[in-house]
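By convention in this document, chain letters (A, B, ...) are assigned in the order of the sequence lines, proteins followed by strands, and residues within each chain are numbered from 1.
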Protein chains: 2
Amino acid sequence: MNTAVFPTRQPAEARQAAMVQAVLALAAQQEPASITTTDIAKAIGLSQGAVFRHFPNKQAIWQSVAEWLEATLLPLIQTAAQSSPDPLANLGNIFRAHLQFVQENPGVPRFIFHELQQPADSPVKQQVAGMLQRYGGILIGVLQQAKAQAVVVPNLDERSAATLFIGSLQGLVMQSMLAGSFASIQPVAEGVLVLYLRSIRKEVG
Amino acid sequence: MNTAVFPTRQPAEARQAAMVQAVLALAAQQEPASITTTDIAKAIGLSQGAVFRHFPNKQAIWQSVAEWLEATLLPLIQTAAQSSPDPLANLGNIFRAHLQFVQENPGVPRFIFHELQQPADSPVKQQVAGMLQRYGGILIGVLQQAKAQAVVVPNLDERSAATLFIGSLQGLVMQSMLAGSFASIQPVAEGVLVLYLRSIRKEVG
DNA sequence: ACAGTATGTTAGTAAGTACTCGCTAACATA
DNA sequence: TATGTTAGCGAGTACTTACTAACATACTGT
C-alpha cells in the first residue's frame, strides 16, 4: 500500500486518496469497525498524528470512502445499465460488473454493511443509503424498460425484483466470505444469474 | 432485559442465558463489534466484574450466542423443511419461518455477519460457518426432493438455487436495515418469494 | 534570500477496553 | 452451628483508542 519508497512529502489530496484506498484494503482483511487511525497511518507509511493533518477526524475518512464508493460504483452500474438495447442483457451486465467490482475491491461489501448497521443516521450512513437507493432506482428503470418491451412477466413487481437482484449478489458475497475467497464462486455466480433472469423473464413461445 | 426487579442472586446458568439474550438485544441496536462487557453487565443489571464470574472471557460469551443460534434456528428450519409433502411449499415455509425468526431477533443477522467478517478462523466463526453449511444442506435436500418429484426444472443447479434462496433473505434484511424497521417489507417479502419459486419451478401446462 | 505555509514527527491527553483482585454476603449441607 | 461454595461488588490493572500540541523541515512566491 506504500505509494513511495522514500517518505517524501506529498500534497494533501494524494494522501487523502491513499488513505481511502488504504481503508478499503484494510477492510478486505479485517472488520471495518476495528480499523484504527494507527492502522491507516502504517498502511500509507506515515505517523499516526499525520493522519489528522489531512482529515479533521476519523469520521471524515469514512465519509471520503463513501464518496469514493458512490463516485466509482454508480457510473459503472449506470454504464452497464445502458450497454445494450436489450434490458435483460443489461441486467446481466450490471450483475457481472458488480461482481467484478466487488472482486477487485473486497473491502467494499464489508464497508457498506458496516455503515448500514449503524443505528444513528450519521452522514456516512445517509450517503451509503442514498447510493443504494440510487442503485435500486437504476435497476427499477431497467426492469420497467423490460416490462415495456414485454420481455418480462406483465405483472412484475419491480421493487421485489430489484430486492432479489441485490440479494442474489449479497448471497454470493456471503458465500465467498464463507469460502474465504472470491475465486471459487464464479460458476455459482453464473448459475444464480440464470435463475434470477428466469424468475422475471416471460416464457418464450 | 432485566430479568428481575430486585437484583437477586441467580444461578450461573440463568445469568449466562440472560447475557446471551442481552447480546442479541444489544446487537439489534448497535454494531456487535462495539458491544462491551460493560454494556452487557448494564443490560442484565450486574456489575462489569460479575460478568467474568459466568464466562471466562468475552469470546466465550460470543461462543454461547453462536451455540444458542444454531440450537434455535436449525430446528426451526428443519421443521419447516418437512412440514408438508410438497417441497416447493416447504421452501416457502422455510422462507417465512426464517423471516419471522429474524423479525423477532433483529440482532441475529448482524451477529452472523459480524462473525463472518472475521478473517481468522476463530471457534466462533467456525461455529457460525458450520451452521450456515448445515442450513444450505437442508435447502439442497429439499431442492433435490423437488427435482425427484419433477416440480422444478430438471437441470436445476441446487447449489446456485440454495445461494439465491439465502441471498433473497439477505436482500430483505438489507432492505429493512435501510428502512430502519422490518415492518414495511412484508409485501416485498411475499413478492420476492414468488419470484424465487418462479426461478426454479417447472412451468405447468 | 527568505518569510510563510503545508506537511511531517514525537510525545502527550482523556476516555475507554477486557480482565483481575480482595472482600462480602447468601446459600447449602454436615 | 460450623464450614465450604457460589455470586456479587468496587476498585484496580495494563493497554488501546481518537485526537492534540509543540516543534521541525521541506516547498513556494515574492
DNA chain C-proximal residues of residues 57-68 of chain B, any heavy atom under 4.0 Å: Asn57(B), Lys58(B)
Polar side chain donor-acceptor pair, Glu158(B) to Gln144(B), under 3.5 angstrom: no
Residues in salt bridge (charged side-chain N to carboxylate O under 4.0 Å, His left out) contact with Glu31(B), at least two apart in sequence or another chain: none
Identify the pairs formed between an N or O of the protein and an N or O of nucleotides 25-30 of chain D at a distance under 3.5 Å, and give each distance.
| residue | atom | partner | partner atom | Å |
| --- | --- | --- | --- | --- |
| dT25(D) | O2 | Arg9(A) | NH1 | 3.3 |

All salt bridge (charged side-chain N to carboxylate O under 4.0 Å, His left out) counterparts of Lys125(B), not counting sequence neighbours: none
Intra- and interstrand pairs of DNA chain C - dot-bracket, Watson-Crick/G-U under 3.5 Å, | marks other strand: ||||||||||||||||||||||||||||||
Given Glu104(B), Gln103(B), His98(B), the one that forms side chain to side chain donor-acceptor pair (under 3.5 Å) with Gln100(B): Glu104(B)
Set of residues satisfying salt bridge (charged side-chain N to carboxylate O under 4.0 Å, His left out) with respect to Glu67(B), sequence neighbours excluded: none
OP1 or OP2 of dA18(D) under 4.0 Å from side-chain N/O of Thr37(A): yes
OP1 or OP2 of dT6(D) under 4.0 Å from side-chain N/O of His54(B): no
Selected nucleotide, minimal atom distance to Phe52(B) side chain, candidates dT9(C), dA18(D), dC19(C): dC19(C)
Pro11(A) side chain, from C-beta outward: closest of dG22(C), dA18(C), dT7(C): dT7(C)
Length of the CD-P vector between Gln16(A) and dT7(C), whole Å: 9 Å
